[in-house]
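First up is the structure itself, then whatever we jot down about it.
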Amino acid sequence: MSEVLLIRQRIIESIQQAAIQAQQSGKLPGIPLPEISVERPQKAEHGDYATSLPLKLARSTGQNPLIIAKNIAAFISCNAEIADVTIAPPGFINFTLSKEWLIKQVNNILLQGNKYGDIDYGHGKYVQIEFVSANPTGPLHVGHGRGAVLGSTLANVLKSAGFKVQKEFYINDAGNQILAFTRSLFARYQQCLDIDVEMPAEGYFGSYMTDLAKEIIENCGDKFIKMPSVEAEAELGQLGLDKMIARIKESLELLGVRFDQWFSERSLYKNGQYDKAISILRQNGYIADKESATWFVSTALGEDKDSVVVRSDGTPTYFATDIAYHYNKFIERKFDRVIDIWGADHQGHVSRMEAVVGALGINPKRLKVIISQLVTLRRGGELVRISKRSGDMITLSEVIEEVGVDACRFFFLCRSADSQMDFDLELAKKESQDNPVYYIQYANARISSILRLAEEKGIDFTDGDISLLTGETELTLIRKMLLLPEIIELIANSLEPHHLTYYSQDLATIFHSFYKQCRVVTDDPDTTRARLKLVASAKLVLSKTLHLMGMTIPDRM
RNA sequence: GCGCUUGUAGCUCAACUGGAUAGAGCGCAGCCCUGCGGAGGCUGAGGUUGUGGGUUCAAAUCCCACCAAGCGCGCCA
């Protein structure tokens with residue numbers, strides 16, 4: 001376990017013991033104690049940790065919270081780790097870590113290397129994150145980009161937090177949209193061969209379909225018009241689908257996103273899992289036949305409407321395969337936890353899905369659906385359409401090329417998933433000079449530059465004496481570095497990876513400030529070697545943070 | 001009409017999940033290079049947290065009502 005999480009635990013225990021001792025001594029009424037927690041105060045003058053326990057006890061004991069604080073704090077003694085325990089109005093007990101302990105952590109970080117920050121929060125539990133899962137009927141757009149960055153970052157953080165993680169892309173290769181895709185492609189294919197056919201009304205009119213048709217003509221010629229049209233559609237459709245999936249993979253690759261598994265919707269029908277899932281629901285009494293269709297009786301689980309599972313024409317809805325898919329995730333593949341990241345247009349589906357999971361006999365708490373809100377793309381304030389069916393769209397790949405991967409990832413990441421975002425291409429490019437992305441990477445470049453200088457001068461700092469790092473500026477930097485494990489824990493718990501972007505900016509700011517105030521390589525060899533150690537550890541922490549966000553860490557810019 | 005999400009500085013967003021004087025970036029007004037990368041540092045102005053009530057020692061955060069924006073609402077996915 002991380003040292004910094006351990007010390008937090010020890011502080012909590014010492015508060016608990018002190019409260020019990022206060023009760024035994026009669027200074028605190030013997031009422032049951034609430035769960036004790038500590039928090040990180042916002043202001044440095046309030047110390048490193050604080051508890052509001054006295055305030056929570058004020059009502060039930062009828063005592064003044066400040067008196068309670070005083071009486072509890074009297075039983076907490078300082079030690080090698082805790083330098084100071086103080087009380088503050090209206091009723092806080094504040095803890096300050098000792099300089100010695102803080103400084104010691106520099107060696108600790110260097111020792112852990114790129115494993116620094118990793119914690120054992122997940123205990124090896126198996127988590128699946130399913131994200132993007134875009135229909136393979138068109139290229140990815142910015143909305144998918146947001147989901148991709150969210151999901152991949154979350155996967156990185158959860159791994160770091162001690163979970164076993166699987167990243168999955170669900171390929172919707174069954175259903176009506178595939179039929180429409182196939183017909184559109186066949187129409188474009190024929191049109192490119194000067195055959196006068198009409199596009200289907202519900203078809204995909206984007207220009208990428210024509211490009212796809214041309215590409216297929218280049219590779220396969222006109223063989224599909226010589227075949228019976230049913231066969232031709234089937235074969236051409238599959239070919240087109242494969243090519244679209246390949247393009248989706250390429251776009252994701254550009255963002256640095258790789259999946260462990262590409263899961264086919266169709267496979268659920270082939271291996272009988274669809275039938276199995278529905279029969280479980282039927283057994284549990286959640287399936288009803290009415291109006292010549294088959295329904296999932298979600299009203300029995302508190303939903304306001306039932307949902308069609310099999311249409312009156314006998315074909316299953318996408319909801320039916322989603323049932324089978326989640327049966328597969330939890331029961332066949334035995335994930336302890338499943339995280340689905342969906343777009344805002346699927347939010348009405350969330351409570352229904354949770355109901356299904358429960359109806360399958362699975363604790364619904366094991367499923368967490370994250371809704372990533374809409375992204376509106378703008379160029380200089382003007383709206384850019386990203387609709388797949390209409391012609392004019394800008395793809396994710398184009399956006400990445402225009403603003404760069406690192407900026408892209410950072411922008412998508414820095415807002416919490418449930419707030420909508422405007423992505424202005426002009427702004428993203430214009431700000432690239434003055435961008436937080438460059439600001440953070442610049443901090444790393446500066447560190448690298450210092451380490452290069454040290455190397456050129458042949459300075460070996462492996463036995464540098466870190467106990468010299470007693471300056472306030474140095475301690476501030478150490479304190480910030482020590483926050484990383486807590487940030488990882490926070491994200492593993494809240495599933496909100498945007499905290500990383502703020503942490504990385506804070507860390508960079510504090511480093512830049514340190515850089516200004518403390519020269520590292522000087523005539524004083526002892527200070528030089530001590531500070532080189534500090535700087536080397538800062539590089540580890542910064543690199544780890546950027547790595548978790550999936551960003552590059554250039555040593556020169 | 002109902003449901004989900006959002007509303008915080010001029011703009012874009014945070015706020016450790018109920019804690020102390022609500023913080024960053026951009027923009028704005030200034031200041032700082034005879035030292036490791038100025039893509040930098042420092043200072044300042046800027047707020048009735050959409051509105052009104054409620055719960056609490058404590059509310060941007062929880063509850064209720066209203067206003068505004070986005071998304072969705074049984075045989076599309």
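Here is how names work: the chains are called A, B, and so on, in the same order as the sequence lines, proteins then strands, and each is numbered from 1.
With hydrogens and angles ignored, no donor-acceptor pair closer than 3.5 Å exists between the side chain of S307(A) and the base of G74(B).
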Output one line per pair: protein atom, nucleotide atom from nucleotides 20-23 of chain B, and distance, for all N/O pairs under 3.5 Å.
residue	atom	partner	partner atom	Å
A20(B)	OP2	Q42(A)	NE2	3.1
A20(B)	N6	N94(A)	OD1	2.8
A20(B)	N1	N94(A)	OD1	3.1
A20(B)	N1	N94(A)	ND2	3.1

Can you pull every protein N or O that's under 3.5 Å from an N or O on nucleotides 43-50 of chain B?
none

At a cut-off of 3.5 Å, list every protein nitrogen or oxygen paired with a nitrogen or oxygen from nucleotides 69-73 of chain B, distance to 0.1 Å.
residue	atom	partner	partner atom	Å
G70(B)	O4'	Q420(A)	OE1	3.4
C71(B)	O2'	A344(A)	O	2.9
C71(B)	O2	Q347(A)	OE1	2.8
C73(B)	O2'	K305(A)	NZ	2.2

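When Watson-Crick and G-U wobble pairs are counted only if both distances are under 3.5 Å, C11(B) pairs with G25(B). Of the nucleotides present, C2(B) is the one that pairs with G72(B) by Watson-Crick or G-U wobble criteria, both distances under 3.5 Å. Figure legend. U17(B) is base-paired to no nucleotide; pairs are counted as Watson-Crick or G-U wobble with both atom distances under 3.5 Å. With a cut-off of 3.5 Å on both pairing distances, U48(B) has no Watson-Crick or G-U wobble partner at all. Across all strands shown, A60(B) remains unpaired; no Watson-Crick or G-U wobble contact has both distances below 3.5 Å.
Q441(A) has its CD atom 18 Å from the C1' atom of G38(B), to the nearest Å.
Listed in residue order, the members of residues 60-71 of chain A having a heavy atom less than 4.0 Å from RNA chain B come to none.
No donor-acceptor contact under 3.5 angstrom links the side chains of Q505(A) and T509(A), judged on distance only.
Checking side-chain atoms of H144(A) against main-chain N and O of L140(A) turns up no donor-acceptor pair under 3.5 Å.
Using cut-offs of 30° and 60° for the angle between ring planes, the Y502(A) and H498(A) rings count as perpendicular.
For E486(A), the side-chain hydrogen bond (donor to acceptor under 3.5 Å, both in side chains) partners are R40(A), Y49(A), not counting sequence neighbours. Listed by chain and number, the residues in a ring-ring contact (aromatic ring centres under 6.0 Å, His included) with Y442(A) are H512(A) (sequence neighbours excluded).
Residue F296(A) is out of contact with every strand shown, counting any heavy-atom pair closer than 4.0 Å. Among the heavy atoms of the strands lying under 4.0 Å from S494(A) is at least one base atom, whether or not backbone atoms are also near. Among the atoms of the strands shown, only primed sugar atoms or phosphate atoms (P, OP1, OP2) are found under 4.0 Å from some heavy atom of R446(A).
Both the sub-6.0 Å distance and the 45° axial angle are satisfied by R352(A) relative to the ring of F319(A). Taking the centre and axis of the six-membered ring of Y327(A), the NZ or CZ atom of K329(A) falls outside the cone set by 45° and 6.0 Å.
The separation of G47(B) from A22(B), taken at their C1' atoms, amounts to 9 Å, rounded to a whole angstrom.
Checking C16(B), A15(B), U6(B) against the side-chain heavy atoms of D418(A) singles out U6(B) as nearest.
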